[in-house]
Amino acid sequence: MLDIQKIRKETDQVVRGLAKRGLKIDFTDFLAKDEKRRQLISDTEALKAKRNKTSAEIPKLKKAGQDVSEVLKEMKTLSDEIKEADEVLAALNEEQAEYLAGLPNIPAEDVVAGGKENNQVIKVVGKKPDFDFEPRHHVDLAEQLGLIDYARGAKLGGNGYWIYTGLGAQLEWALLNYFIETHIKDGYKMMLVPHSLNYACGFAAGQFPKFADDVYWLDTLPGDDRDNSHFLLPTAETALVNLHRDEILAESELPKKYFAYTPCYRKEAGSYRAEERGMIRGHQFNKVEMFQYTRPEDSEAAFQELVDKAIALVEGLGLHFQVSKLAAGDCSASMGRTNDIEVWIPSMNDYKEVSSASNAYDYQARRGNIRFRRDGGKRNEFLHTLNASGLATSRIFPAILEQNQLADGSVLIPEVLRKWMGGMEIIKPVK
RNA sequence: GGAGAGAUGGUCGAGCUGGUUGAAGGCACCGGUCUUGAAAACCGGCGAAGUGCAAGCUUCCGGGGGUUCGAAUCCCCCUCUCUCCGCCA
């Protein structure tokens, strides 16, 4: 949620910021209505002040033995007038809130305008493996090594689902263990959260109202009974940002650093592409998500910490990858800045996102009413929220298979994972 | 699933026979006195949001609606929490 004060006072700056996302916003109507709304507020408040004052007089008049029937009649009229004005005002407020809720975050100053095509690669680690044989596709490798059962996954859940089997399941779990161990060591607090969340969670995260169709709804349809419906989280971020919704934290508690493992459930409607066969894009995938609540002045440093942590994880696996700084239009709605970590997938001849690190600044804090009180300070301030995957396994797993494959179709297990694989160093084809 | 109790400011907790209660009191926190320093004690301050240049005014006692001139207080609906019973892991 954007600060309405900012829209009023620094309109041009807001317009320019949103333009970087490719949005042409004209606040003229909005501001005119806001003006009207505020006028109405002051009008109705004058009426209410009068009501309160007279209302306090009535018991005194009664006590003095005076006849108050005339006053009561006037008050009735006044009350009706207030009620009418309040209804108009409520409608205006709702309209305004709805409009504000639909506006995305303003990109940070140094984030360039435009979409994906303007993303900049800011770091490259390792290099593309040089195979002296015909490298295999990860789907083939996974099947030959008995790691993934795609056919039965589809039988159980349909397109977009797979089953980790045997060593594949162990390898997947080893990855998660590696992430978890690292985060704990780095002082992040582990959380296991509900996977079924209520509407307010999606709103605070910034997924709703706009992207309510991208998630799986459990009981009712959104809009039917929005406040009592639940959806499966598309990322643990949605849960973690809501941990402190409607809370006021003490400055001394900040920064708060969390991480959570959850499967992520996404509809991915209409996004299936042939080149993404396998586990590149599924309806359910495993991810460990890092999250921070910080003071405003600390969030840029926290962002760097999160990016560095994600980098270190991929680096620790010995994989080749790059880091991209996203252009404004490629940052999701809630985020003012995002860096993606993209791992090399040989079969796709492309880099695919394994982590997305973002700074939401105060955008989510406003939506979720998450504030903090400075030591000795009087006013509560919105804090900043940041998140970063650390990591999603669904692209790391194929990257390991493809980048670490040998001529005979076996795959080297990254060293850091071996302790969770019973010391195993290599996975060999079963047939 | 059935029955009952409850939801008040950062926190705990009064008020709930409708009208100086936006809300006592405790704790926490901030400032001061005292002290070599600290603690204790004492004195003072201390909810949030909206609107306005400001003084101020308005709103908020889980959420929504209603009754009334006037609602934290009365009525209805919803959500959540707790206790008991049943069922299940």
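Labels below follow one simple rule: chain letters A, B, ... track the order of the sequence lines, proteins then strands, and each chain is numbered from 1.
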#### Entry: P gap between B:U68 and B:G63, integer Å
23 Å
### Task
Rounded off to whole Å, could you give me the CZ-to-P distance for the A:Arg37 and B:A49 pair?
16 Å
### Message
When the C1' atoms of B:A41 and B:G47 are compared, how many Å lie between them, rounded to an integer?
### Response
28 Å
#### Entry: Rounded distance in Å between the C1' positions of B:A71 and B:A23
14 Å
## Note on the structure
Nearest-nucleotide check on RNA chain B, A:Glu87 vs A:Gln5; residue mapping nearer the 5' end is A:Gln5
### Message
Regarding A:Asn369 and A:Arg245, do their side chains bring together a donor and an acceptor under 3.5 Å, going by distance alone?
### Response
no
### Task
Could you check how far CG of A:Asp80 sits from P of B:G66, rounded to whole Å?
12 Å
### Task
For the side chain of A:Lys83, starting at C-beta, report the closest nucleotide among B:G50, B:G66, B:A48.
B:G66
### Summary
Contacts of A:Glu305 meeting salt bridge (charged side-chain N to carboxylate O under 4.0 Å, His left out) (sequence neighbours excluded), chain-then-number -> A:Lys257
Restricting to nitrogen or oxygen on both sides, can you table the protein-nucleotides 58-61 of chain B pairs closer than 3.5 Å?
from: B:U58; atom 1: OP1; to: A:Asn52; atom 2: ND2; distance (Å): 3.1
from: B:U59; atom 1: OP2; to: A:Asn52; atom 2: ND2; distance (Å): 3.3

### Query
When the distance from NZ of A:Lys73 to P of B:G70 is rounded to whole Å, what number comes out?
16 Å
Donor-acceptor pairs under 3.5 Å, side chain of residues 83-91 of chain A to any protein atom, not counting sequence neighbours: which ones?
from: A:Asp86; atom 1: OD1; to: A:Lys48; atom 2: NZ; distance (Å): 3.2
from: A:Asp86; atom 1: OD2; to: A:Lys48; atom 2: NZ; distance (Å): 3.3

### Message
Using the C1' atom as the point on both nucleotides, what is the distance between B:A7 and B:A72, in whole Å?
### Response
12 Å
### Query
Given that A:Val71 and A:Arg38 both sit by RNA chain B, which one's nearest nucleotide is further toward the 5' end?
A:Arg38
### Query
Rounding to the closest angstrom, what is the interatomic distance between B:A5 and B:G9 at atom C1'?
23 Å
## Note on the structure
Sorted by chain and number, sequence neighbours left out, salt bridge (charged side-chain N to carboxylate O under 4.0 Å, His left out) with A:Glu81 holds for none
### Message
For the C1' atoms, the ones on B:C12 and on B:C61, what distance do you get once it is rounded to whole angstrom?
### Response
15 Å
### Task
Only counting residues at least two apart or in another chain, list the ones meeting ring-ring contact (aromatic ring centres under 6.0 Å, His included) with A:Phe259.
A:His183
### Pairs where residues 170-184 of chain A contributes a residue and the test salt bridge (charged side-chain N to carboxylate O under 4.0 Å, His left out) is met, not counting sequence neighbours
A:Glu181-A:Lys419
### Task
Hunt down any stem RNA chain B takes part in, defined as 3 or more consecutive Watson-Crick or G-U pairs whose two distances are each under 3.5 Å.
B:1-7 with B:79-85, B:10-12 with B:25-27, B:29-33 with B:41-45, B:47-51 with B:56-60, B:62-66 with B:74-78
### Query
Do A:Asp149 and A:Arg152 sit within salt-bridge range, that is, some charged N less than 4.0 Å from a carboxylate O?
yes
### Salt bridge present between A:Asp214 and A:Arg266 (N-O < 4.0 angstrom)
no
### Query
Which residue pairs satisfy the salt bridge (charged side-chain N to carboxylate O under 4.0 Å, His left out) criterion with at least one member in residues 183-211 of chain A, sequence neighbours excluded?
A:Asp186-A:Lys309
### Query
Would A:His283 and A:Tyr265 count as a close aromatic pair, with their ring centres under 6.0 Å?
no
### Query
CG of A:Asn93 versus P of B:U51: gap in Å, rounded?
10 Å
### Summary
A:Asp246 atom CG is separated from B:G63 atom P, nearest whole Å, by 11 Å
### Task
Please measure how far the C1' atom in B:G25 lies from the corresponding atom in B:G15, and state the result in whole Å.
12 Å
### Message
In whole Å, measure the gap between the C1' atoms of B:C30 and B:G10 for me.
### Response
13 Å
### Query
Going from CD1 on A:Ile370 to CD on A:Gln364, what distance comes out if it is rounded to the nearest 0.5 angstrom?
7.0 Å
### Task
Using a cut-off of strictly less than 4.0 Å, decide whether A:Arg8 has a side-chain nitrogen or oxygen near OP1 or OP2 of B:U51.
yes
### Message
Using a strict heavy-atom distance below 4.0 Å, which residues from residues 362-372 of chain A are in contact with RNA chain B?
### Response
A:Arg371
### Query
When the distance from CG of A:Asn198 to P of B:G63 is rounded to whole Å, what number comes out?
16 Å
### Task
Tell me, please, which residues at least two apart from A:Lys33 pass salt bridge (charged side-chain N to carboxylate O under 4.0 Å, His left out).
A:Glu95
### Query
Residues in salt bridge (charged side-chain N to carboxylate O under 4.0 Å, His left out) with A:Asp12, at least two apart?
none
### Task
May I ask you to establish whether A:Arg337 and A:Tyr361 are in a cation-pi arrangement, using a distance under 6.0 Å from NZ or CZ to the six-membered ring centre and at most 45° from the ring axis?
no
Output a table of nitrogen or oxygen pairs between the protein and nucleotides 19-22 of chain B separated by less than 3.5 Å.
from: B:G19; atom 1: O6; to: A:Lys62; atom 2: NZ; distance (Å): 3.2
from: B:G19; atom 1: N2; to: A:Ser55; atom 2: O; distance (Å): 3.2
from: B:G19; atom 1: N2; to: A:Ser55; atom 2: OG; distance (Å): 3.1

### Task
Could you tell me which non-hydrogen atom of A:Gly390 sits nearest to which non-hydrogen atom of A:Met290, and how far apart they are?
CA-CE, 3.9 Å
